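Here the structure is a predicted model, which means the values were calculated and not measured. All heavy atoms count here, side chains included; hydrogens, waters and symmetry mates do not. Order of the sequence lines fixes the chain letters, A, B, ..., with proteins taken first and strands second; residue numbering starts at 1 for each chain.
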Amino acid sequence: MPDLPTKTLTTVQDALLAWFKEESRALPWRTTRDPYAIMVSEVMLQQTQVDRVIPVYLAFLKQFPTFHNLADAPAADVIRAWAGMGYNRRAMNLQRAAAQVTELYEGVLPSDLKALRGLPGVGEYTAAALACFALGQEVAVIDTNVCRVLGRVFYGPEGAPEKELANVAAQALPDGEAWSWNQALMDLGATVCTSRRPTCLLCPVRSDCQAAGAFLATNGAVAESRGPYKTKPEKFEGSSRYYRGRVVDHLRGLAVGESCDLPTLGTVVKPDYISGDQPWLLDLLQGLQRDGLIAMRGEGSIVTVTLPL
DNA sequence: AATACGGGGAT
DNA sequence: ATCCCAGTATT
């Protein structure tokens with residue numbers, strides 16, 4: 001962190017915590033202490049916005065109330081319950097993590113950061129989030145919001161150098177307030193200090209922010225200087241991701257035990273599908289199978305596909 | 001360090 | 001049309 005007067009840091013901490021007390025979003029995973037529920041929310045929130053998670057999260061917990069329930073459920077049910085979320089691999093990772101918790105840790109989420117990090121689908125961010133939000137530990141979490149907010153406040157419009165972030169986040173953490181502080185940073189990032197169009201006029205820390213002046217001067221517009229993406233985002237329709245999603249979505253719609261043959265599946269997901277596309281389809285399916293998202297039976301031309309048992 | 005992985009909402 | 005999102009795993 002750049003040389004920052006302790007007084008400034010304290011001011012920022014107090015202002016943001018006070019703001020959070022008044023303006024925090026009411027989110028379902030903030031009113032539970034159940035580590036399992038918190039974990040479900042954290043995995044769902046990986047690259048998926050709050051508004052889209054809430055209804056799926058509530059239904060998911062109703063259907064799979066505990067680690068044990070999730071671990072024992074048919075994978076097909078879990079994949080169906082994940083509908084609308086995207087990144088379907090997360091559903092399988094979450095179920096494998098649940099199995100690991102029941103088998104290795106007697107159904108209790110481990111409190112050790114390293115053990116958490118060893119669960120499938122739990123990376124650096126989620127391990128810290130679980131430690132703080134599910135287990136009450138005083139650790140800083142670093143997600144895209146925290147990264148942006150801290151970067152702007154303490155460095156400026158361009159944000160913080162990548163390698164300094166962990167250090168900054170750790171130093172900024174107020175004693176005994178990790179839960180509120182982390183939640184507050186994410187709320188501010190999601191609602192005020194947004195990526196495209198920060199509304200500094202509504203920000204509780206604008207008077208101590210290294211970026212607010214520049215943003216206010218340009219009427220809230222973020223400078224182009226952050227530059228366009230290095231690599232062009234591939235277009236979604238027609239991509240492998242697109243067809244993977246369509247395959248899984250079609251299989252979700254089948255009755256339990258019902259399977260789908262290759263020509264039918266190909267035609268459903270790709271309107272202009274021809275028999276010559278079968279190698280392409282098989283390749284696509286192989287990837288899905290490797291991710292545990294589908295099951296294939298049979299040989300050669302009589303292959304059928306279903307959600308996994 | 002790059003790339004794959006979903007899909008809907010915001011601009 | 002492009003960017004963005006409470007990231008992770010693989011290459």
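Sorted pairs that involve residues 189-210 of chain A and meet ring-ring contact (aromatic ring centres under 6.0 Å, His included), not counting sequence neighbours, are lacking altogether. Among residues at least two apart or in separate chains, there is no salt bridge (charged side-chain N to carboxylate O under 4.0 Å, His left out) pair with a member in residues 136-148 of chain A. Applying the salt bridge (charged side-chain N to carboxylate O under 4.0 Å, His left out) test to every pair with at least one member in residues 255-270 of chain A, sequence neighbours left out, gives these pairs: A/Lys270-A/Asp272, A/Lys270-A/Asp277.
Of the candidate nucleotides C/dC4, C/dA9, C/dA6, C/dA9 has the atom lying nearest to any side-chain atom of A/Arg117. Distance from the side chain of A/Asn145 is smallest for C/dA6 among the nucleotides C/dT2, C/dA6, B/dG6.
Spacing between B/dG8 and C/dA9 at atom P, rounded to whole Å, works out to 24 Å. The separation of C/dA6 from B/dT11, taken at their P atoms, amounts to 13 Å, rounded to a whole angstrom.
Ring geometry for A/Trp280 versus A/Tyr273: interplanar angle of 30 to 60°, hence tilted.
Between A/Arg89 and B/dG6, a side-chain N or O to OP1/OP2 separation shorter than 4.0 Å is absent. Here A/Thr144 does not reach the OP1 or OP2 of C/dA6: none of its side-chain N or O atoms lies under 4.0 Å away.
Nucleotide C/dA1 holds its C1' atom 10 Å from the CZ atom of A/Arg196, rounded to whole Å. In this structure, the CG atom of A/Asn88 is 16 Å from the P atom of C/dA9, given to the nearest Å. A/Glu162 places its CD atom 14 Å from the P atom of C/dG7, with the value rounded to the nearest Å. For the pair A/Met92 CE and C/dA9 C1', the computed distance is 16 Å after rounding to whole Å. Distance A/Asp291 CG to C/dT8 P: 17 Å, rounded to the nearest Å. Taking atom CZ of A/Arg246 as the reference point, atom C1' of B/dG6 lies 13 Å away to the nearest angstrom. At whole-Å resolution of the value, OH in A/Tyr243 and P in B/dG7 are 13 Å apart. Here B/dG8 presents its C1' atom at 9 Å from CZ of A/Phe236, a figure rounded to the nearest Å.
Annotation: side chain of A/Val53 is not in contact with side chain of A/Val50 (no heavy-atom distance under 4.5 Å). Between A/Glu42 and A/Trp29 the shortest side-chain heavy-atom distance does not fall below 4.5 Å. Side-chain contact check for A/Val149 versus A/Val192: every heavy-atom pair is 4.5 Å or farther apart. Contact check for A/Cys203 versus A/Leu188: side-chain heavy atoms found under the 4.5 Å cut-off. The shortest side-chain heavy-atom distance between A/Leu262 and A/Leu282 falls under the 4.5 Å cut-off.
Counting all heavy atoms, side chain and backbone alike, A/Ala172 lies closest to A/Gln13 at O-NE2, 2.6 Å. Looking at every heavy atom in both residues, A/Val205 comes nearest to A/Val153 through CG2-CG2, 4.0 Å.
DNA chain C is contacted by both A/Gly121 and A/Asp143; A/Asp143 maps to the nucleotide lying nearer its 5′ end (nearest heavy atom per residue). Projected onto DNA chain C by closest heavy-atom contact, A/Asn93 and A/Gly189 fall at different nucleotides, the more 5' of which corresponds to A/Gly189.
A heavy atom lying under 4.0 Å from DNA chain C marks the following residues of residues 123-134 of chain A, by number: A/Gly123, A/Glu124, A/Tyr125, A/Thr126. Against DNA chain C, the stretch residues 179-187 of chain A makes heavy-atom approaches under 4.0 Å through A/Gln183, A/Met186. A heavy atom lying under 4.0 Å from DNA chain C marks the following residues of residues 41-57 of chain A, by number: A/Glu42, A/Leu45, A/Gln46, A/Gln47, A/Gln49.
Using a cut-off of 4.0 Å between Lys/Arg side-chain N and Asp/Glu carboxylate O, A/Arg246 and A/Asp249 are scored as not salt-bridged.
A/Leu94 comes within contact range of no nucleotide atom at all, as no heavy-atom separation falls under 4.0 Å. No engagement by A/Trp82 is indicated, since no non-hydrogen atom pair under 4.0 Å with the nucleic acid exists. Across all strands shown, A/Thr194 has no heavy atoms under 4.0 Å from either base or sugar-phosphate atoms.
Side chains of A/Gln46 and A/Arg90: a donor-acceptor N/O pair is absent below 3.5 angstrom, by distance only.
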